[in-house]
**Student:** 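Here it is, the structure in full.
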There are 2 protein chains.
Amino acid sequence: MTNLLANLSISVNEKLYVKNPETSDLGKKIIEHSILLIHEIGFESFTFKKLGDKIQSNESSIYRYFENKHKLLLYLSSWYWSWIEYRLVFATTNVSDPMEKLAKAIEIVTEEIKDDLSITHINESILNKIIIGEFTKTFLTKEVDEENKEGYFLVYKSVVNRIILMIEEVNPDYKYAKTLASTLVQGALHQHYLKEHFKNITNLSESNCLADFYIDLIKKTVL
Amino acid sequence: MTNLLANLSISVNEKLYVKNPETSDLGKKIIEHSILLIHEIGFESFTFKKLGDKIQSNESSIYRYFENKHKLLLYLSSWYWSWIEYRLVFATTNVSDPMEKLAKAIEIVTEEIKDDLSITHINESILNKIIIGEFTKTFLTKEVDEENKEGYFLVYKSVVNRIILMIEEVNPDYKYAKTLASTLVQGALHQHYLKEHFKNITNLSESNCLADFYIDLIKKTVL
DNA sequence: AATAATTGATAGTATTACTATTATATTTGT
DNA sequence: ACAAATATAATAGTAATACTATCAATTATT
């Protein structure tokens, strides 16, 4: 899996960058350290100036790759969901039993990425933490509708749509496949956040895993 | 209900304001128009300067009520969840059947506030829209843990805890009452957002209500 | 070696998020 | 009704943010 990805590269919607960061050392450095810096100080405090200082480069150079930090976050999110989609497809192909297939998808979408699986400049474990804490901010803006039209959220929607199809495969008569799938993907991020900051309103813990909750839920509601 | 509230006032954690906005005309104007202005231009673009212009008052005067716009949003959120809690308690007391009680709670938490029910300066329908679009931003910050300790999220957690208790009343052996309750409250906001901006990944629509989805889900999983 | 492209350094602008000061209303206590 | 207290308005000022523009210095390409 990890080895496979070494020779596969994830491509992101071209409208999200001015210059493709994958095409240069500086670009890769921007991606690598933006993930670390956003994780360290939070998206609100993150600025291109601070990132420039971190990578011994200049603010103005970063602007040649990304219009602004919002686009950068959209880029990172898009990369993340592409990575999830790839792993989701990989884990579910050739699984003939619909429920087993759905269960595998749930595992991919709910698991916390613990180790840095990457050989690349992208630390998926930290990126996963950023997505948990910052992803909703990419679409909770006044510009959602325009940005949605531009296709900035296509990969995310694609992940949800794949799960919708799997739910329908399990039971074509279930009335709320869409709501359930989107609840699952968004809810998983939220539960991971609660686990870190609002422990007493979640059952998630070291010993209790999220996939169990969702698989139990889906077996009872959809099947 | 509406009449009852006219003589009941909701009090908000004192640490969230410098001066209680309920104690003056200017304070009430700040609350009333901050709701309208945040709805109109979004929280990111909202500033105290713009609010001052809107209410023909001065930026510096608004700073005497709230430290910054983040605290203002926390204030509005706290007010909103208190209002929800009040209605939740009101709707569920004296309902003896646990499932019926839970169903009523679900209705309160999932319904979209359509009309302005208020006689006060607070437009609950628009406030509901703000909560849908901006509430998660109050806690997705680097300061969550400190602010949580200060009690800024107490009312929200109280609403979730009431639902946890109701789930446990329905079935004390259900293993994921906390996760389910927090998923419900957060998920409801999210689904309303999807309905407005990402229609094709939700079943929510004019004809399809959210409470039905959750009541179906809870009857199948908890009962 | 010449040319093109990339990056770095510096400067500059408008806006934001405040704080401080002083003037002007408005309220309240006697 | 008048003085004192309090609230609000107006103005100015600061540091940081979110950029844009220009030009110099590197580095890569032909």
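Within every chain, numbering begins at 1; the chains are lettered A, B, ... in the order of the sequence lines, protein sequences first and strands thereafter. On a predicted model such as this, the values are computed, not experimentally measured, just so you know.
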**Student:** For Phe66(B) and dC18(C), give me the distance from atom CZ to atom P, rounded to whole Å.
**Tutor:**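 It works out to 14 Å between those atoms.
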
**Student:** Parallel, tilted or perpendicular for Tyr176(A) and Phe213(B), by the 30°/60° rule?
**Tutor:**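 The arrangement is perpendicular - the two ring planes meet at more than 60°.
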
**Student:** Which class fits the ring pair Trp83(B) and Tyr80(B): parallel under 30°, tilted 30 to 60°, perpendicular over 60°?
**Tutor:**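 Ring orientation of Trp83(B) relative to Tyr80(B): tilted.
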
**Student:** What's the OH-P distance between Tyr17(A) and dT6(C), to the nearest Å?
**Tutor:**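 Spelled out: OH on Tyr17(A) to P on dT6(C) is 14 Å.
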
**Student:** Nearest-Å distance, CG (Asn68(B)) to P (dC18(C))?
**Tutor:**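 About 5 Å, once rounded to whole Å.
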
**Student:** Rounded to the nearest 0.5 Å, how far does OG1 of Thr136(B) lie from CD1 of Ile131(B)?
**Tutor:**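 One gets 10.0 Å once the value is rounded to the nearest 0.5 Å.
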
**Student:** May I have the distance from His70(A) (atom NE2) to dT17(D) (atom C1'), rounded to whole angstrom?
**Tutor:**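 It works out to 17 Å between those atoms.
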
**Student:** Validate the cation-pi geometry between Lys157(A) and Phe198(B): distance from NZ or CZ to the six-membered ring centre under 6.0 Å, angle to the ring axis within 45°.
**Tutor:**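 No, cation not above the ring by the 6.0 Å, 45° rule.
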
**Student:** Which nucleotide, dA18(D), dA17(C), dC23(D), lies nearest any side-chain atom of Lys69(A)?
**Tutor:**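 So the nucleotide nearest the side chain must be dA18(D).
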
**Student:** What I want to check is whether the side chains of Glu22(B) and His121(B) have a donor and an acceptor closer together than 3.5 Å.
**Tutor:**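 A donor-acceptor contact under 3.5 Å links the two side chains.
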
**Student:** With a cut-off of less than 4.0 Å, is there a side-chain N or O of Ser60(A) near OP1 or OP2 of dG8(C)?
**Tutor:**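 No, no such contact exists.
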
**Student:** Expressed as a whole number of angstroms, how long is the span from Ile62(B):CD1 to dT19(C):P?
**Tutor:**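 Going from CD1 in Ile62(B) over to P in dT19(C) covers 14 Å.
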
**Student:** Taking only the side-chain nitrogens and oxygens of Tyr65(A), find out if one of them lies under 4.0 Å from OP1 or OP2 of dT6(C).
**Tutor:**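 Looking at the OP1 and OP2 atoms of dT6(C), neither is under 4.0 Å from any side-chain N or O of Tyr65(A).
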
**Student:** I need the NZ-P distance between Lys71(A) and dC19(D), as an integer number of Å.
**Tutor:**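 The distance from NZ of Lys71(A) to P of dC19(D) comes to 10 Å, rounded to the nearest Å.
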
**Student:** Would you mind telling me which residue lines up with the more 5' stretch of DNA chain D, Glu67(A) or Lys19(B), judged by nearest nucleotide?
**Tutor:**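 Checking each residue's closest nucleotide, the 5'-ward one belongs to Lys19(B).
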
**Student:** Measuring from the side chain of Arg64(B) (C-beta onward, heavy atoms only), which nucleotide among dT7(C), dA7(D), dT21(C) has the closest atom?
**Tutor:**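 The closest nucleotide is dT21(C).
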
**Student:** Output the single nucleotide from dA9(D), dC18(C), dA7(D) whose closest atom is nearest the side chain of Tyr63(B).
**Tutor:**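 When the side chain of Tyr63(B) is considered, dC18(C) is the closest of dA9(D), dC18(C), dA7(D).
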
**Student:** Short of 4.0 Å, heavy atom to strand atom, which residues of residues 22-43 of chain B count as contacting DNA chain C?
**Tutor:**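 Result for residues 22-43 of chain B: none.
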
**Student:** Using atom CG of Leu72(B) as one end and atom P of dC18(C) as the other, report the distance to the nearest whole Å.
**Tutor:**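 Distance check: Leu72(B) CG to dC18(C) P gives 12 Å.
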
**Student:** Which label fits Phe139(A) and Phe153(A): parallel for a plane angle under 30°, tilted from 30 to 60°, or perpendicular past 60°?
**Tutor:**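 Phe139(A) vs Phe153(A) ring planes: perpendicular.
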
**Student:** Given Tyr156(A) and Phe135(A), is the ring-ring contact (aromatic ring centres under 6.0 Å, His included) satisfied, shown in steps?
**Tutor:** CA-CA 10 Å; Tyr156(A) 178 68; Phe135(A) 175 60; 4.8 Å; yes

**Student:** What residues form a salt bridge (charged side-chain N to carboxylate O under 4.0 Å, His left out) with Glu150(B), not counting sequence neighbours?
**Tutor:**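 So Glu150(B) forms a salt bridge (charged side-chain N to carboxylate O under 4.0 Å, His left out) with Lys15(B).
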
**Student:** Identify, residue by residue, the members of residues 45-59 of chain B with a heavy atom below 4.0 Å from DNA chain C, and return them in order of residue number, or none.
**Tutor:**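 Close to the strand are Thr47(B), Lys50(B), Glu59(B).
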
**Student:** In terms of the angle between their ring planes, are Phe66(A) and Tyr75(A) parallel, tilted or perpendicular, with boundaries placed at 30° and 60°?
**Tutor:**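 It falls in the perpendicular class, over 60°.
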
